[in-house]
Each structure stands twice: as C-alpha cells, then as structure tokens.
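Take a look at the structure below.
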Amino acid sequence: MSLSFVRTEMEEPQPAPSSTVGIVAWARTNLFSSIPNTILTIIALYLLVRLAVGIFPWIFLGVWDAGSLSECREIFAELYPDGREYACWAVIADRWDQIIFGYYSADQYWRPILGWILIGVSAVPVLYPNTPRSLLYVTVATAFVYPFLVWGGTIWPYLMAAVGFGVGYGVYRILAAVTAGNAFSSVIAVSGSVIAAAVWWIGLSGPISGALAEAMPWGIEAFRSRDLAGFALAITIGVVAIAASLPLAIALALGRQSNMLIVNKLSTGFIEMIRGVPLITLIFVAVVLLQYFLPSGTDVDPILAIMILVTLFTAAYIAEVIRAGLAAVPKGQYEAADSLGLNYGLAQRLIILPQALKIAIPGIVSNFISVFKDTVLVSIVFPNDPLGIADTIRADSNWNGIVWELYGFIALVFFLFCFAMSRYSLSLEKRLQTGHR
Amino acid sequence: MADAAAPPSEAFRLSMLIYDSRYRSTTIQIVVLILFLLGFFWLANNAVQNLAALGKPINFGFLSQTSGYDINQTLIEYDSTYSHGRATMVGLLNTLLVAFMGCVTATLIGLVGGVLRLSNNWLVSRLVTLYVEIFRNVPVLLWIIVCMLSITSTLPGPRAFRGDDPEASMILFGNVAATNRGIYVPQPFFESGLGSAGMNFLVMAAVIIAGIFFVRWNNKRAGEIQVQTGDRPNTFWVNFAAMTVPFIVLMFVMGLSFERPELRGFNFKGGMQIQAPLIGVWLGLSLYTGTYIVEIVRSGILSVSKGQSEAAAALGIRPGLTMSLVILPQALRVIIPQLISQYLNLTKNSSLGVAVGYADLVATLGTTTLNQSGREMETILLLMAIYLTISLTISGVMNWYNRSVQLVGR
C-alpha cells in the first residue's frame, strides 16, 4: 500500500460563489425565488414606479409662495407652458397658523405651544418608568395648567379647582383624627371629605374665585372654547379624554371584575352600551341632548360637552383593556396579597393594579391613537377640527378648488403622530414580553 | 375541640355592615344602587321636565307621520309621501348595505394582504406594510372624504361623454360609465320572471340552497366510499356543476338580460347608478378596516406553532394541504373573533357616511327626521337603540362562536 499523493500545504480559501453572496443572491432569494414570486415582484415594481412617477413630481415641484390658487396656476402656466400643474403648497404656508392653532391670535400662540411642551414632559414619567419620579409632580400640575393655558381667563378658577382636592384631603385627615377609635371612622372621614370637596367645587369655589379675580385680576386673555380649532382642538380633546378617562376606566374595570352582582352588572351595562353605539351618536347626545338632562337654564358649552362624552366613550374602551390586564395578572398574586392580610384597596393599589396597568399600557396607547383620530368627528357637528378647518379654507374664494394639498397635509400630521405612538407601543410590548417570559 | 371550629357567636352590631366581610359587599351594593338610581332619576326627571316645558313630551308618534323629504338612495320603495318610520327603514337598509359591502371587501383585502405580507418576497411584503401603516394611522373619516373626492373631483361629469368626439368614453366595452356623480353599470332584469322581485329572489335562493344541500350530501357520500374502499372519489367537478348549472338554466328560463346605461340629455338614464357617496364610504371603510384585517390574518397564521407544520410535513402532507388542513383551521380560531369585532367596528364607522352625504341611518333618522320633526330625544335614543341592537347581535354571534371553538380542557 503506497500513498501516491500527500498534500503538504493548505489550499487558499476560495470566496463563496458569486451567486450566493451579495446583492444578486439577495435578489434571488428575496425577489426572484420562483416564477410566482418573480411575477409578484414585477407587478410590485410596476405599481411602485407608477406611484412614484405620478406623485413625486406633483409633491416636489409644488409652489410654496403664492397668495391664492389662481396665483399658483399663473406660476405654473409661466413655468410649464404645456399646461402641467403641480401641488399648490402655498395654501399650507398661508393657512399654517389656522390649521395648527385654530383661532388664537398670533400673540397668543405661546399658550398652546407651552401647553403641548408641558404635556410632552408630563407624559415622560408615565411612558418611561425609568425616569425620575419627581417628574410626576409636573404631570399633576399639567392637569390644571393646561386648561388654564387653553381657556385662559384669571388664574383663580383653576387654582380653586386644585384647592378642592386639598380641601377634601384636609377634611379627611381631620375627621379621621377626630373620630379615631369610632367604629365608623373611615366611613365618616371618606364621606365627609367627598361632601366637603363637592361643596367647595359647586358652592364656594365660584364666588371665591370671582372675588379674588376682582381683587387680583392675574391671568391671561380668556378664550371661548367654540373658537378652539384645528390641531389645537384635536390635541386638547384627545388629551382631556385620555387623562380624564383613566380613573373612570380603572373604576369600571374593577367593577366589571368584581363579584358583587349589582356593581358588576352596572359596570358591564355601561361599558357594553357605550361600546355598542358609534361615537357620532354620542357626539349628537353631547350637542343636542345633554342640555335636556341638566336642570333647565344650565348653559352647556358644546365643546366641553363633546369632551365629556368622548371621555365616557374612551373610558369604556380603556376599561376593557385594563380588564384584560387584570385578568392577565396571575392568580397567585391575588392569593399572595390575601395571605399577607392586605384588604381589597391595598391589594389592588400595591399589588394588582401596578402589574395590570403595566400590561395594559400598549392597549391604552393604541386607544389614545384612536381617540386622537376620532377627534375629527367633531367636524360633522362643528367646523372646528382639522377637517372642518379644511372645509373652511376650501370655501375661501382664494383657495376654492384646493383638494389634495390640504387633506394630504392633515393626513401627514395625523400619520406622524399616530405612527410615532404606535411605534412606542410596539417597543413597549417587546420590552414587556422579555420582562415576563 | 368542636368549639374551636365554630365561629364565635357575636351579637349583630351596626359596624359589622362595614367591617364584616359577610355583610360588607351587600352594604356596598346597596349604596351603589341607591346612588345610581338617584343619579338616573335626577337625569330622567330633568329630561321629562325640560321636555314638558317645551311642550313636547316623549312620543314616538312622529314615526307614522309623513316624512316630506326625499332620499337619494333607496333600496325599498320610498318617496317623500311615506312616513318617517319608512325613511328610518331606508336608512337602516343603506347602513346595512354599505356595512355588508365593506365587510366583504375588507375581508378580501385583509386575506390577500395578510398572505402577501407573510410572503418571502421582500418587496411585496414591504409594500403591504407600507399600505397598512399609511391607512391605519390616518382617521377613517379622512379616507372616506378622500375616496369620495377622488370620484367627484377627478372623474369626468356626464357632460364630457356627449358629442361626436367626447372627452370621456364608457369603459368595459361601453357597459360602464364612471362619472363624478357615480358609476353607472348595466342593470340585470328578467324578461319572463315570476312577476315580483321578491318571488324571483326566492326562486334563486331556493336553487342555491338546493345546490348546497346536494354538495353536502355528495361530500358525505364520498366520505362513506372513502371509509369503505380507501379511495375518495373526486367530487369537485360534480359539486361545481351542481352549484352552477341549475342556476344558469334558471337564468335562461327567466330571461336574464341587462339594461345598459345610456346618455340621454345631460345625464345617464337606465342601468344602475352606484352613487358617489356609496362608493366613497364603501372604499374608505374597506381600505381602512382592511389594514386591521391584514394584521389579524398575519398574527393568526403566525400564532400556529411551527411544530404543527413540521408534524404535517413528517406525515407527508403536501404544503397546500398543510395550509388548508392543519394551519388554517387552527389560525381561524384566533382570526375569526377578531375579524367579527372588526366587522362590528366597520358597521359602527359606516355612520361617518353622513359626512359625505350617504343616506344612512344617521343621515335619515339622526339628521333629516330629527330636523323635520323636532324630536331630538326620541330620534337620537332610537338611533342609539338601533345601533346597540346591531352591535349586540353581532357580539352575540361572536360569543356563540367563541364558545363553540373553545379548546376543551387545559
């Protein structure tokens, strides 16, 4: 047996065949792997090119500087004698303020802008759990400062509304200390504080803030809510609805999870009734019917009424999200809370709700997206929201005939907001998943 | 030791209503009920008093009064001499029509999009993602308005079809005219039908149902033969013929023919007009809801664990059959409940048609009848009750389905 050949040195490594690396291979596996795939790719490419050729020149060759649509057309006629027309973005440049800020006068624009910055800051500790907790004070303050910035007037009514919470808390502490040892101490303290706060808000805060306003008229220009328009209105309705609906939604979700028959049925009935009707019917209720349900002579601000009904609507949907979160908390957590001897309130506050709300946040964010999108329904009853403003602008003789530029711009703004929020909720879902499994 | 197990017998004290868990829940429920009833009666009392002061106590009598307004799209016979009740019915049918059309189209979009989104073709799956992100992040009302405007402000008016050398011409071999007032298509009618539209419809439905029964019987027979001999006879062509041939024969017997839309004067006459608002609402709702269904289909198919398709491959089942016999039945369990809740959303969103002038329930009962009769309370409550009934019916179906497909055990 003899060896005819023994290799003494290694071959140089060869590069992979060109058909398995690089862009060609990528295209082969991802675009042209089979005949149907190739056909699909060609169709998709064709559609994409058609779309790009149709839309991009229209967008990018548009005119930004003109006073009216006819001026735009004159510019196009000058530039392109063959009669081609492109986007007349001048309408956005001309009416930017109106679309974004509604009917605030130019020297008041700092108010909505400051309000939005505050909302952004106050959302941070809610959305990102790792930020300093002291930011939560900003969140609480925003609840009173934002309405002040939006509606203006003197500072007192907003301050007095905030003081009402302090009054309630103070009465609770005093009554609890006075009646300590009594069997009904907690009942007396809680009901006493609720009654005191109610008396404060309904009876006292009005006259007191009126008197203070006369003595010290500190404040900014008052603003009627029916002049609230454009994205300022959309953002205000969205933020008010989501913030005001959260406590109600938690109560409804706990009610629906409760095994007390009456509480359970009432919560379920409310949630199902609200979820069963379209939002537009609730807006009709706000604008047309709400005045009948209040004592005669009550003056109902229609925008405020819409905010209340949108809040109820949102609460019903978020309640379902929170209920799903409550159901997702493992049963062992409830049992652990019981075995530690925590009562219902403490168990919910310290053990169950923190976990349930954490699970529910992505759902709450997606509900916020839908509320924000649903604010355009206001345009069916009032020409105030972004779509209503678009109608107003199109009715103007300068911009009569504008269609796609306006709706395209409004769609773009909505898209940017909603896309960012949905990305956030997606990233949150991923983070929560790794935390639990 | 028996004494230790027995609870200490205490005299009842008032504080036990709060601190004793045996009584506490009853106390809370009674307090809640009292507060709820007080609030409810306060609101109801205000409403009754305010309405009485205006001289219009709650009364649904207006539903039988003459409506006095016309509706541009009616599925049943209607004109301004009919009652408000009939107008409500017309609106309800229009709502159901656009909801049904929207559900069908959205499902088609969703199925095709969901499958394409999962395809290994990079370009196509990105394109579908682009479509989903663009359409779901913009309000549906804006899409409805955009779809409506793309008909009314880009398609030619009927006037453009006139003359010897018209600017626009009818498409699909001169059968369909796409104008800014809507799309005119040929209308089918029966030359020798059974007298009334209802009878014709009944006969057609009967033939189709008979076909379905035959197909079921045929499949059952094929199953029995398979059990006995091991070979399953090919049933496809027989089933196909059973579903189509009798129907085609029926169409010939009843003399099916089409009336083409023709330009007479300033507008098209004859044929069937699919009005611009209907197309706008239908397209807008379908495109918007379709994005949600794309995601539902995708997540449904992804929810079936990979082991299932590997097991099917190990059994030697071909890829196509794996999809239809192994993956889809399990994916549908996830897909269908979400799909039905999207149908519910679409039906509720169809109420936005009022913004583009679609004569749905909100436009007839909630707007024109409200204004004509001046009965805000009754019309809006009735409107909400009708929508609530539709929603509860759909969610009842969904709960029934959920129960029937629930995994037993575990």
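Here is the naming used below: chain letters follow the sequence lines, and residue numbers restart at 1 for every chain. This one's a predicted model, so the numbers in the text were calculated from it and none came from an experiment.
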field: Rounded distance [0.5 Å steps], NZ in A:Lys373 versus CG in B:Leu141
entry: 12.0 Å
- request: Have a look at B:Ile145 and tell me which of A:Asp391, A:Ile410, A:Leu387 forms a side-chain contact (heavy atoms from CB on, under 4.5 Å) with it.
  value: A:Leu387
field: chain B interface, residue from A:Phe414, A:Tyr407, A:Phe372, A:Phe293 that has the most non-hydrogen pairs under 4.5 Å
entry: A:Phe293
- request: For residues B:Asn137 and A:Phe417, determine if any side-chain heavy atom of one lies less than 4.5 Å from a side-chain heavy atom of the other.
  value: no
field: Reported CD1-to-OG1 distance for the pair B:Ile386 and A:Thr281, which is rounded to 0.5 angstrom
entry: 11.5 Å
message: Less than 4.5 Å apart, side chain to side chain, heavy atoms only: is that true for B:Tyr387 and A:Ile280?
response: no
- request: Applying side-chain contact (heavy atoms from CB on, under 4.5 Å) between B:Ile380 and each of A:Val287, A:Leu282, A:Val288, report the one that passes.
  value: A:Val288
- request: Report yes if some heavy atom in the side chain of A:Ile380 is under 4.5 Å from a heavy atom in the side chain of B:Leu352; otherwise report no.
  value: yes
task: Identify which part of A:Met421 has an atom lying under 4.5 Å from any heavy atom of chain B, answering side chain, backbone, both or neither.
output: neither
query: What option among A:Ala44, A:Pro295, A:Gly408 has the most heavy-atom pairs under 4.5 Å with chain B?
result: A:Pro295
message: So for B:Ser25, is it side chain, backbone, both, or neither that comes closer than 4.5 Å to the heavy atoms of chain A?
response: both
query: With only heavy atoms counted, which part of B:Leu130 is less than 4.5 Å from chain A, the side chain, the backbone, both or neither?
result: neither
query: Take atom CG in B:Leu38; do more than 12 heavy atoms of anything else shown fall under 6.0 Å from it?
result: yes
field: Interchain contact, B:Ser150 with chain A, by part (heavy-atom threshold 4.5 Å)
entry: both
query: Can you tell me how far the CZ atom of A:Phe284 sits from the OG1 atom of B:Thr379, to the nearest 0.5 Å?
result: 9.5 Å
For the student: nearest non-hydrogen atoms of A:Phe415 and B:Glu133, plus distance: CE1-O, 3.3 Å
query: Taking C-beta and beyond as the side chain, do A:Val277 and B:Lys348 meet within less than 4.5 Å on heavy atoms?
result: no
- prompt: Below 4.5 Å, heavy atoms only, C-beta onward: do B:Val32 and A:Met260 meet side chain to side chain?
  reply: no
field: A:Arg28 atom CZ, over 12 foreign heavy atoms within 6.0 Å
entry: no
message: With heavy-atom distances below 4.5 Å as the criterion, would you say the side chains of A:Leu40 and B:Leu123 are in contact?
response: no
field: chain A contact via B:Leu149 - which portion, at a heavy-atom distance below 4.5 Å
entry: both
query: Just by distance, do the side chain of B:Gln29 and the backbone of A:Leu261 share a donor-acceptor pair under 3.5 Å?
result: yes
task: Please flag which part of B:Leu54 lies under 4.5 Å from any non-hydrogen atom of chain A: side chain, backbone, both or neither.
output: side chain
query: Would you say the side chain of A:Leu31 lies within less than 4.5 Å of the side chain of B:Trp122, judging by non-hydrogen atoms?
result: yes
message: Which atoms of B:Thr152 are under 4.5 Å from chain A, going by heavy atoms: the side chain, the backbone, both sets, or neither?
response: neither
task: For each of A:Ser296, A:Pro278, A:Cys418, tally heavy-atom pairs with chain B at distances under 4.5 Å, and name the one with the top tally.
output: A:Pro278
task: Among A:Leu294, A:Thr38, A:Ile43, A:Leu48, single out the residue with the greatest number of heavy-atom pairs under 4.5 Å to chain B.
output: A:Leu294
Proximal component of B:Val146, with respect to chain A [non-hydrogen, under 4.5 Å]: both
message: With rounding to the nearest 0.5 angstrom, report the OG1 to CG distance, A:Thr29 to B:Asn121.
response: 10.5 Å
- prompt: If we only count heavy atoms from C-beta on, is the B:Glu376 to A:Tyr292 side-chain gap below 4.5 Å?
  reply: yes
- prompt: Do A:Asn30 and B:Asn120 have side-chain atoms, one donor and one acceptor, less than 3.5 Å apart?
  reply: no
